[in-house]
Every structure is written in structure tokens, then in C-alpha cells.
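Structure first, then comments.
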Amino acid sequence: MSAAICGTGSYAPDYIMDNNRIAELVETNDDWIKERTGIRKRHIAKTETTTFMASEAAKRALENAGAEPEEIELIIVATLSSELIVPCSACEVQREIGAKNAACFDINAACSGFVIAYNMADAFFAAGQYSTALIVAAESLSKLTDWTDRNTCILFGDGAGAAVLKNTSDRHYNSVTHSDGGKGWALTCKNRLDLEEGRFSREHYIDMNGQEIFKFAVRRVPELIREVLQKNKVEQEEIAWYVMHQANCRILEAVARHLGEPAMKFPMNLQHYGNTSSASIPLLLDEMNRKGMLKKGEKILMAGFGAGLTWSGNIVEWSI
Ligand code: ACO
């Protein structure tokens with residue numbers, strides 16, 4: 001037996017910031033941002049916290065799954081931007097939704113976080129330890145963004161997504177995860193515990209070498225997808241959808257070209273949300289689920305990639 005997604009949920013903050021608003025803050029413009037990234041607007045958490053968004057997405061996923069909070073045995077929250085160091089965000093979600101029987105912990109694997117959380121829950125299932133899990137990814141990247149840096153502030157957005165997993169799938173798929181700490185410098189953000197004389201410096205905001213990340217993604221993600229397919233003896237033609245981390249439309253188009261796949265198999269919603277790091281994949285999955293785009297039995301290849309560097313992929317057979 002293996003993990004199956006039984007329900008999805010998401011939450012996006014009320015406040016929407018379009019590219020023209022960003023052009024009031026830094027020297028940029030709507031056309032440049034749209035052309036280079038595909039992004040038109042993003043949701044920004046003005047009043048919401050990361051744990052609030054995580055809990056809202058979790059409640060919606062439970063409702064969608066028709067599951068009771070007490071059934072949940074494991075909660076994993078993927079985040080790099082919680083307002084809390086302790087308690088972990090997963091414990092906050094547990095309290096908010098009343099999942100009193102769940103074991104809870106967080107992971108930080110940046111934009112690969114949701115896929116790795118899925119892989120971890122699936123591994124717990126395979127070990128016979130749990131059979132129902134809630135995985136959540138939530139980010140408030142706007143709080144870590146330097147709004148005077150046009151290299152980064154055009155990209156990021158806030159939001160959360162969640163999925164309820166049950167150990168009910170007949171077929172087990174093997175996941176693939178890689179990391180390259182040697183290239184960690186390409187995307188960094190220092191913890192604010194490291195403040196000198198109580199002042200923020202640029203190091204306490206997200207700092208990114210955009211071209212290095214772009215090259216990494218375009219090279220490693222097609223390799224990752226091929227490795228996932230090979231490991232599971234699945235042909236490319238069997239994959240209905242590639243649900244990828246929503247970083248930049250040009251990255252996703254380049255990956256599709258490398259694989260010789262039509263761009264329509266790489267759905268995108270980054271135009272509305274920007275790059276929401278770990279939350280981008282479950283935000284997209286939830287949108288596809290609620291629009292009725294996903295058919296029972298379809299194989300979905302999920303792939304996350306980002307800071308660390310980390311990259312991770314797996315196959316999910318849609319079962320709702
Ligand atoms: N507005 C207008 N002009 C700009 C902007 C901007 N916001 N930013 C840069 N430019 C200019 C540059 O100054 C440069 O001008 P020049 O040619 O006169 O020197 C020109 O545009 C091109 O700059 P590049 O940096 O080469 O732009 P590029 O095409 O690489 O696009 C971008 C930059 C969008 C950041 C791209 O590199 C990218 O998307 N990289 C991947 C980023 C990513 O996905 N990061 C997230 C990873 S996920 C995670 O872990 C959080």
C-alpha cells in the first residue's frame with residue numbers, strides 16, 4: 001500500500017499586489033516582469049500569519065477529504081517562513097484544527113518542501129507507522145523580501161496549500177530527492193537570531209543569484225523527472241500532468257522543451273500567485289482538483305526545486 005491524496009485545500013491572503021504596484025517601489029515594469037517570469041500579481045499576507053494560512057488550508061483539505069481531524073495521525077508542515085521558531089507550525093495547525101491524535105513536526109526544504117513532506121508521509125506509511133496524514137506547505141515570503149531589491153521582490157508571494165493522505169493506493173512509487181549544499185550560496189536568507197546590534201542587514205532578506213538558480217533548475221529538473229520515471233518503470237506518455245514548483249514560466253517551458261512534452265502538461269498558476277516556495281505545488285494541485293481537471297487514475301509527476309539547493313520528485317496516482 002502507498003499514499004493517496006484524498007483531499008486538498010489552500011489559502012491565499014486577501015491583499016493582492018500587481019506588478020504596477022511593485023513598479024512604484026523599484027525600477028521595473030509590468031511588461032518586464034510578465035515577459036521574464038510570467039507573474040502578473042501575487043497575494044501578500046498583511047494580516048495573516050504563516051500558521052494561520054497553514055491552518056486554513058488544512059481545514060479546507062480536511063473538508064474536501066471528508067475526514068475528521070481526529071483521524072489524522074501525522075501532520076508535517078513545510079515552511080521556511082513561519083513567524084514561530086517554537087512551537088513548530090505543525091503543532092499550531094494541530095491545535096487549530098483539533099487533530100489531537102497527530103504527531104507533528106516541520107521541515108524546511110524551501111521550494112521542495114511539499115514534495116519532501118509527501119515523500120516522508122509515504123515512507124511512514126510504508127514502514128507501517130501511520131496510515132492517515134496531513135501535509136501542509138505555507139509561506140510568508142513577503143516578510144523575508146527586501147522590497148528595494150528588484151532581483152527578488154518581483155518574484156515572491158504568500159500562501160498555503162495542504163493535502164490529506166491515506167495509505168490506500170495499490171501501487172507504490174519511489175521518490176527521488178537530491179541536494180547540493182555546495183551551491184547553497186545561490187539562494188540564502190540568514191536567521192534573524194543572527195542580528196548584529198539589533199539591526200537587519202541585507203543578509204536577513206532573501207538573497208538570490210537568479211541566473212544560477214535558473215541554470216540549476218533547467219538542468220536538474222529534467223534529469224530529476226527522467227530519474228523518477230526510470231525508477232518507477234513509468235513511460236513519459238503515461239504522465240498526465242507535471243505539477244511543478246511555480247518559480248518562473250520560462251523554467252517550466254524549458255523543462256517541457258527538454259522532455260519533448262507539450263507545455264499544456266505543465267499547468268501554471270504563477271501568474272496569480274508569484275513564487276510561493278513550498279506552497280506553490282499544493283496551491284496548484286488544489287486549484288486543479290477544484291476545477292475538476294484531475295481524473296481518477298491519472299498519474300501526476302510532482303517536482304520541487306529550490307534553495308539548499310534541493311530538488312525532489314515523485315509520482316502520485318490521482319484517486320479522488
Ligand atoms: N525589472 C527590470 N529590469 C530588470 C529587473 C527587473 N525587476 N531585474 C533585472 N533587470 C535587468 C537587469 O539589470 C539586466 O539589465 P542589463 O541587461 O541592462 O544588465 C536585465 O534586466 C537582465 O537581467 P537578468 O538578471 O539577466 O534577468 P533574467 O532574465 O535572468 O531574469 C530572473 C531574472 C527573473 C530573476 C531569473 O533569473 C529567474 O527567474 N531566475 C530563477 C529565480 C527563481 O526561480 N528563484 C526561486 C527559486 S525557488 C526558492 O528556493 C525560493
Side-chain angles (χ1 to χ4, degrees), residues 1-8 10 38 109 111-123 125-126 135 137 161 163 165-178 216-271 278-306 310-320:
M1 299 294 269
S2 189
I5 294 179
C6 304
T8 62
S10 62
C111 308
S112 310
F114 182 78
V115 179
I116 293 179
Y118 182 98
N119 298 342
M120 289 175 84
D122 195 33
F125 290 178
I135 55 169
L165 309 183
K166 290 195 177 174
N167 192 19
T168 53
S169 177
D170 294 335
R171 178 164 177 192
H172 180 78
Y173 292 98
N174 292 307
S175 63
V176 175
T177 300
H178 293 291
F216 145 71
V218 168
R219 177 166 167 220
R220 294 297 186 194
V221 177
E223 285 175 8
L224 172 74
I225 290 172
R226 289 199 176 99
E227 194 179 343
V228 171
L229 292 170
Q230 215 170 34
K231 211 168 169 181
N232 291 293
K233 299 189 171 41
V234 170
E235 299 299 323
Q236 224 171 277
E237 299 72 46
E238 294 177 57
I239 301 297
W241 304 101
Y242 295 89
V243 175
M244 315 265 295
H245 169 47
Q246 303 285 294
N248 182 319
C249 66
R250 288 190 297 135
I251 292 177
L252 302 193
E253 284 158 6
V255 172
R257 267 198 311 278
H258 272 274
L259 295 169
E261 287 280 26
M264 59 164 293
K265 283 174 79 172
F266 289 72
M268 287 187 216
N269 64 2
L270 58 86
Q271 57 276 27
S278 67
S280 80
I281 289 178
L283 268 163
L284 179 59
L285 258 189
D286 187 45
E287 188 174 318
M288 295 174 76
N289 180 22
R290 284 168 198 269
K291 280 183 176 164
M293 290 167 69
L294 304 167
K295 304 280 173 292
K296 198 168 178 163
E298 277 184 345
K299 291 186 183 67
I300 300 165
L301 199 150
M302 299 200 290
F305 51 92
T310 58
W311 57 111
S312 184
N314 58 29
I315 295 173
V316 175
E317 221 166 276
W318 197 249
S319 60
I320 301 177

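- Here the NZ atom belonging to Lys295 is positioned 11.0 Å from the CD1 atom belonging to Ile300, to the nearest 0.5 angstrom.
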> Glu223 and Trp311: side-chain contact (heavy atoms from CB on, under 4.5 Å), yes or no, with the steps?
Replying inline: CA-CA 10 Å; Glu223 285 175 8; Trp311 57 111; 5.5 Å; no
>> Between Asn314 and Ser175, does the side-chain hydrogen bond (donor to acceptor under 3.5 Å, both in side chains) criterion hold? Intermediate values first, please.
In response: CA-CA 4 Å; Asn314 58 29; Ser175 63; 5.9 Å; no
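- By the 4.5 Å heavy-atom criterion applied to side chains, Gln236 and Lys265 are not counted as neighbours.
- A salt bridge is defined here as a Lys NZ or Arg NE, NH1 or NH2 lying under 4.0 Å from an Asp or Glu carboxylate O, and Glu253 with Arg250 fails to meet this definition.
- In terms of heavy atoms, His245 sits closest to Phe305 at CD2-O, 3.3 Å.
- At least one side-chain heavy atom of Phe114 sits less than 4.5 Å from a side-chain heavy atom of Leu285.
- Met288 CE to Trp241 CH2: the interatomic distance, rounded to the nearest 0.5 Å, is 4.5 Å.
- By the 4.5 Å heavy-atom criterion applied to side chains, Ile320 and Leu294 are not counted as neighbours.
- For the pair Cys6 and Leu165, the minimum side-chain heavy-atom distance is 4.5 Å or more.
- Judged purely by atom type and a 3.5 angstrom limit, Thr310 uses its side chain to pair as donor or acceptor with the backbone of Ala109.
- Using a 30° and 60° split on the angle between ring planes, Phe266 and Tyr242 fall in the parallel class, below 30°.
- Not counting sequence neighbours, the partners of Ala4 by the side-chain contact (heavy atoms from CB on, under 4.5 Å) test are Thr168, Ser169, Ser319.
- Contacts of His258 classified as ring pair (Phe, Tyr, Trp, His ring centres under 6.0 Å), with partners at least two apart in sequence or in another chain: none.
- Taking the side chain as every heavy atom from C-beta outward, Leu229 and Asn232 never approach each other to under 4.5 Å.
- Trp318 contributes atom CH2, which lies 11.5 Å from atom CE of Met293 (distance to the nearest 0.5 angstrom).
- Arg290 places a side-chain N or O within donor-acceptor distance of the main-chain N or O of Thr8, the cut-off being under 3.5 Å.
- If you take CD on Glu227 and OG1 on Thr177, they are separated by 9.5 Å, rounding to the nearest 0.5 Å.
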>> Between Leu224 and Val176, does the side-chain contact (heavy atoms from CB on, under 4.5 Å) criterion hold? Intermediate values first, please.
In response: CA-CA 7 Å; Leu224 172 74; Val176 175; 3.7 Å; yes
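- The two residues Gly304 and Val115 make their nearest non-hydrogen contact at N-CG2, 3.8 Å.
- For Gln230, the side-chain contact (heavy atoms from CB on, under 4.5 Å) criterion is met by no residue, not counting sequence neighbours.
- To the nearest 0.5 Å, atom CG of residue Asn269 and atom CD of residue Gln271 are 6.5 Å apart.
- Considering only heavy atoms from C-beta on, Met268 comes within 4.5 Å of Leu252 through its side chain.
- Nearest approach of Val218 to Ile251, heavy atoms of both residues: CG2-CA, 4.4 Å.
- Nearest approach of Ser112 to Ser312, heavy atoms of both residues: OG-N, 4.2 Å.
- Within 6.0 Å of CZ on Arg219 lie no more than 12 heavy atoms contributed by other residues, nucleotides or ligands.
- Using a 4.5 Å cut-off on side-chain heavy atoms (C-beta onward), Met244 and Ile225 make contact.
- Of all heavy-atom pairs spanning Pro282 and Ala137, the tightest one is CG-CB, 4.0 Å.
- For the residue pair Ser2 and Asp122, the shortest heavy atom distance occurs at OG-OD1, 3.0 Å.
- Put simply, CD1 on Ile239 and CG on Leu259 are 10.5 Å apart, with the number rounded to the nearest 0.5 Å.
- Of the possible polar contacts, none joining the Tyr118 side chain to the Ile5 backbone as a donor-acceptor pair under 3.5 Å is found.
- Looking at heavy atoms from C-beta onward, Val234 lies out of side-chain contact with Val228 at the 4.5 angstrom threshold.
- Between Glu287 and Lys291, at least one side-chain nitrogen of the basic residue sits less than 4.0 Å from a carboxylate oxygen of the acidic one, meeting the salt-bridge criterion.
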